[in-house]
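Structure record follows, encoded as structure tokens.
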Number of protein chains: 2
Amino acid sequence: MFAIGTVERDTGISRDTLRIWERRYGFPTPGRNNKGERVYSAEQIQRLQRIRRLLDQGFRPGKVVPLEDEALNKLANTLHDLLLSPTDMDPTHIRLIDLASSGDIPALNAALEQLLAQEGLSSFVLDTFAPLTKAVGELWAAGRLQIFEEHILTRHLVRFLDVAMSRVGHPPGNPEVLLGTLPGEPHALGLLMAEALLINSGRATLNLGTDVPLDEIVTAAERSGVSTVALSFSGCYTRNTIRDDLEELAERLPRAVRIWIGGDGVRRLRRLPPSVEIMSLESI
Amino acid sequence: MFAIGTVERDTGISRDTLRIWERRYGFPTPGRNNKGERVYSAEQIQRLQRIRRLLDQGFRPGKVVPLEDEALNKLANTLHDLLLSPTDMDPTHIRLIDLASSGDIPALNAALEQLLAQEGLSSFVLDTFAPLTKAVGELWAAGRLQIFEEHILTRHLVRFLDVAMSRVGHPPGNPEVLLGTLPGEPHALGLLMAEALLINSGRATLNLGTDVPLDEIVTAAERSGVSTVALSFSGCYTRNTIRDDLEELAERLPRAVRIWIGGDGVRRLRRLPPSVEIMSLESI
DNA sequence: AATTTATTTTGTCTAGGACAAATAAAACTT
DNA sequence: AAGTTTTATTTGTCCTAGACAAAATAAATT
């Protein structure tokens with residue numbers, strides 16, 4: 001049995017939200033310990049994680065949280081069929097995904113190495129690596145991957161790109177593009193793919209990685225003299241303040257600095273500050 | 001001006017703690033917006049971050065939170081002098097730290113490459129990389145590094161070890177040791193060093209990375225059939241439940257599986273379950 | 001079909017108190 | 001003097017129930 005703080009950490013759903021879901025939707029239904037505090041069962045946590053994944057895919061709490069286990073499974077399956085229908089997928093990708101979901105990391109690495117050698121870094125990132133990343137995310141959303149499997153895969157993908165970039169070598173000169181994600185955004189692969197493309201086209205980068213407070217981005221941009229700040233937002237970025245953050249960033253950065261944003265989390269955004277531009281990997 | 005949620009994210013101090021510090025120690029002293037909600041200035045956030053670093057070093061809130069800016073600076077300086085007195089340090093390390101804190105990444109990489117070639121991976125990790133990591137942490141704790149500088153350094157160190165490991169290649173066969181950190185622990189370098197030493201001695205590993213829920217560790221250990229689970233805890237692991245977590249882990253893992261724990265966060269621990277063993281990098 | 005306006009949904013924040021785990025200090029024993 | 005147990009202090013997490021605004025959807029208008 002787990003306390004609310006543990007559930008918050010393991011599911012990424014805040015205490016406040018957990019309590020208010022209980023009041024509004026009748027789920028979760030924690031028991032109480034002798035202190036009167038909520039205690040959650042492992043099953044409820046698992047269901048919360050499944051709900052979380054569906055929310056990340058764009059569903060709304062009111063339609064998902066009250067659902068029973070069965071209905072939830074059905075929804076996840078529908079999603080799975082929708083997203084991962086093998087008919088319209090490249091057979092090479094299907095093979096990679098099979099290797100990934102079977103956990104055969106050495107074979108996956110070998111296959112990736114071969115594709116990298118054939119296609120060159122830029123095409124590899126755009127045509128192979130990015131779709132594979134997307135597929136992993138969708139497998140995960142559909143509940144076809146355990147959390148630990150997703151961890152392992154992501155780690156290996158990160159390592160693979162790191163090694164590939166180290167072969168190209170870092171372009172000389174001052175960095176032109178600063179990369180990072182805001183606090184609360186843990187996904188680094190989008191940044192890494194962007195960095196690989198930039199490096200491969202001869203532009204020096206400064207990758208701050210994930211979870212960088214806004215004022216540190218400003219300081220880093222000023223110090224390093226970059227001309228562009230690139231931020232990545234995945235679908236799971238729940239913070240409701242992206243627009244405010246971007247406005248603040250645009251205001252505090254030196255005038256000449258452009259802001260690029262990308263990732264699944266930016267689709268819903270409208271009315272951006274003038275210096276902010278939505279970028280895709282292809283347009284780098 | 002920033003809301004309490006933002007401050008929580010950027011400082012890692014929970015809302016509840018922020019409110020209770022205000023009540024008990026008279027700091028922080030946020031203003032209020034028109035909704036009656038707390039708003040924190042950038043200066044207060046900076047001071048909170050400095051306080052956080054001192055707490056990570058083992059200071060207690062009652063002695064640190066009420067301090068004025070001046071006293072805080074003084075304490076940080078004393079700490080800096082204490083931890084990083086150059087007299088008792090290897091000149092090679094001093095040079096590396098200089099390169100690191102000056103932000104000259106290419107030069108740092110070159111120096112690391114040279115030392116790696118000279119010493120071999122195991123000695124390099126133990127005698128160069130680990131002390132450098134520690135020094136970076138201490139520079140950061142003493143306020144000598146900006147957050148973004150620490151981010152950049154850490155990223156490059158991770159990348160460097162990843163590349164070094166990829167040269168050694170992954171040992172064949174089933175993994176023997178599973179590595180990971182529990183939710184709330186973001187530092188991956190300890191794991192990575194352990195992994196490098198294991199790989200270099202021919203033992204296959206399975207690195208789950210950071211922030212892995214406990215039940216996922218159990219599942220992963222069962223599926224992969226490892227004989228050891230290795231967890232890393234840095235000084236900033238504030239979760240008060242390490243012992244409970246370890247007890248639960250020991251109970252749920254297969255009997256034959258040993259648990260290794262390491263890192264700065266385990267020094268304070270006593271009365272561990274019988275299958276749990278405190279390990280240092282040297283003893284791997 | 002594209003804007004504007006109304007309605008619903010949703011997450012974050014507020015208050016002060018309660019409690020136990022963790023740590024430090026004191027008392028005791030060997 | 002060093003180790004162990006007992007007492008006191010410190011500290012973080014959790015509780016309740018309500019309020020409010022931003023985001024998303026539905027409805028109405030141009």
Side-chain angles (χ1 to χ4, degrees), chain A residues 1-9 11-25 27 30-40 51-52 54-56 58-66 184 236-247 265-271, chain B residues 1-9 11-25 27 30-40 51-52 54-56 58-66 184 236-247 265-271:
Chain A
M1 290 303 212
F2 306 89
I4 197 169
T6 312
V7 181
E8 176 180 30
R9 281 222 179 74
T11 66
I13 302 164
S14 79
R15 300 148 204 264
D16 282 322
T17 304
L18 286 168
R19 284 195 273 257
I20 217 156
W21 281 3
E22 188 181 335
R23 223 198 294 171
R24 284 185 188 150
Y25 311 123
F27 184 86
R32 299 281 171 153
N33 65 9
N34 50 8
K35 246 203 280 181
E37 299 173 353
R38 277 165 253 258
V39 285
Y40 297 81
I51 289 171
R52 179 79 206 290
L54 291 170
L55 295 185
D56 290 350
F59 285 90
R60 304 206 63 187
K63 317 233 161 172
V64 176
V65 180
C236 83
Y237 191 78
T238 53
R239 210 164 159 201
N240 298 326
T241 55
I242 302 188
R243 188 173 305 139
D244 290 350
D245 289 345
L246 290 175
E247 269 167 22
V266 303
R267 278 178 308 183
R268 310 166 206 165
L269 290 176
R270 315 217 160 181
R271 286 191 215 157
Chain B
M1 290 304 211
F2 306 90
I4 197 168
T6 312
V7 180
E8 178 181 30
R9 281 224 178 72
T11 65
I13 302 163
S14 79
R15 299 148 205 264
D16 281 323
T17 304
L18 286 168
R19 284 195 274 256
I20 216 156
W21 280 3
E22 187 180 334
R23 224 197 294 168
R24 283 184 188 150
Y25 310 123
F27 183 84
R32 298 282 170 155
N33 65 10
N34 50 9
K35 247 203 279 181
E37 299 173 351
R38 277 164 252 260
V39 285
Y40 297 80
I51 289 171
R52 178 81 205 290
L54 291 170
L55 294 185
D56 289 350
F59 285 90
R60 305 207 60 187
K63 317 234 160 171
V64 176
V65 180
C236 83
Y237 191 79
T238 53
R239 209 164 160 201
N240 298 325
T241 55
I242 302 190
R243 189 173 306 139
D244 293 349
D245 289 345
L246 290 175
E247 270 167 20
V266 304
R267 280 177 307 183
R268 311 164 204 167
L269 289 175
R270 315 216 163 182
R271 286 189 215 160

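FYI, side chains are in, hydrogens and waters are out, and symmetry mates aren't considered; it's all heavy atoms of this structure.
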In whole angstrom, what separates B:Tyr40's OH from C:dC13's P?
10 Å
Does the side chain of B:Tyr25 get closer than 4.0 angstrom to OP1 or OP2 of D:dT10 through an N or O atom?
no
Rounded to 10°, the helix from C:dA1-D:dT30 to C:dT30-D:dA1 deviates from straight, judged by its five-pair end axes, by 40°
Spacing of B:Thr17 atom OG1 and B:Arg52 atom CZ [to the nearest 0.5 Å]:
10.0 Å
For B:Glu22, what residues pass the side chain to side chain contact (heavy atoms under 4.5 Å, CB included) criterion, not counting sequence neighbours?
B:Pro30, B:Arg32, B:Arg38, B:Tyr40
In Å, rounded to the nearest 0.5 Å, how long is the span from CG of A:Asp16 to CZ of A:Arg19?
5.5 Å
If every non-hydrogen atom of B:Phe59 is compared with every non-hydrogen atom of B:Val64, which pair is closest and at what distance?
CB-CG2, 3.4 Å
What closest approach, in Å, do A:Gly62 and A:Tyr25 show between heavy atoms, and which atom pair accounts for it?
CA-CE2, 3.8 Å
Between C:dA24, C:dG11, D:dC15, which nucleotide has the shortest distance from any of its atoms to the side chain of A:Trp21?
C:dG11
Could you tell me if the side chain of A:Arg15 sits less than 4.5 Å from the side chain of A:Ile4, heavy atoms only?
yes
Atom CG of B:Asn33 and atom C1' of D:dC20 are separated, to the nearest Å, by 11 Å
By nearest heavy atom, map B:Glu8 and A:Asn34 onto DNA chain C; which one lands nearer the 5' end?
B:Glu8
Given atom CD1 of B:Ile4 and atom C1' of D:dA21, what is their separation to the nearest angstrom?
18 Å
Atom CZ of A:Arg60 to atom P of D:dA22: distance rounded to whole Å?
16 Å
Residue B:Ser14, side-chain heavy atoms: nucleotide from C:dT23, C:dT10, D:dT13 that is nearest:
D:dT13
Locate the shortest heavy-atom distance separating B:Pro61 from B:Pro66; write the atom from each residue and the value.
O-CD, 3.6 Å
Expressed in angstrom and rounded to an integer, what is the separation of A:Glu37 atom CD from D:dC14 atom P?
7 Å
Tell me whether the side-chain N/O atoms of B:Thr17 come closer than 4.0 Å to OP1 or OP2 in D:dT13.
yes
Whole angstroms only, please: what is the CZ-P distance between B:Arg19 and C:dT12?
13 Å
Measure the CZ-CG distance between B:Phe27 and B:Leu18 for me, rounded to the nearest 0.5 Å.
9.5 Å
Starting at atom CZ of B:Arg15, determine the distance to atom P of C:dA15, rounded to an integer number of angstrom.
14 Å
Polar atoms only, N or O, under 3.5 Å: list the protein pairs with nucleotides 17-19 of chain C and their distances.
from	atom 1	to	atom 2	distance (Å)
C:dG17	N7	B:Arg23	NH1	3.4
C:dG17	N7	B:Arg23	NH2	3.4

Mind calculating the distance between CG (B:Leu55) and P (D:dT10) to the nearest angstrom?
16 Å
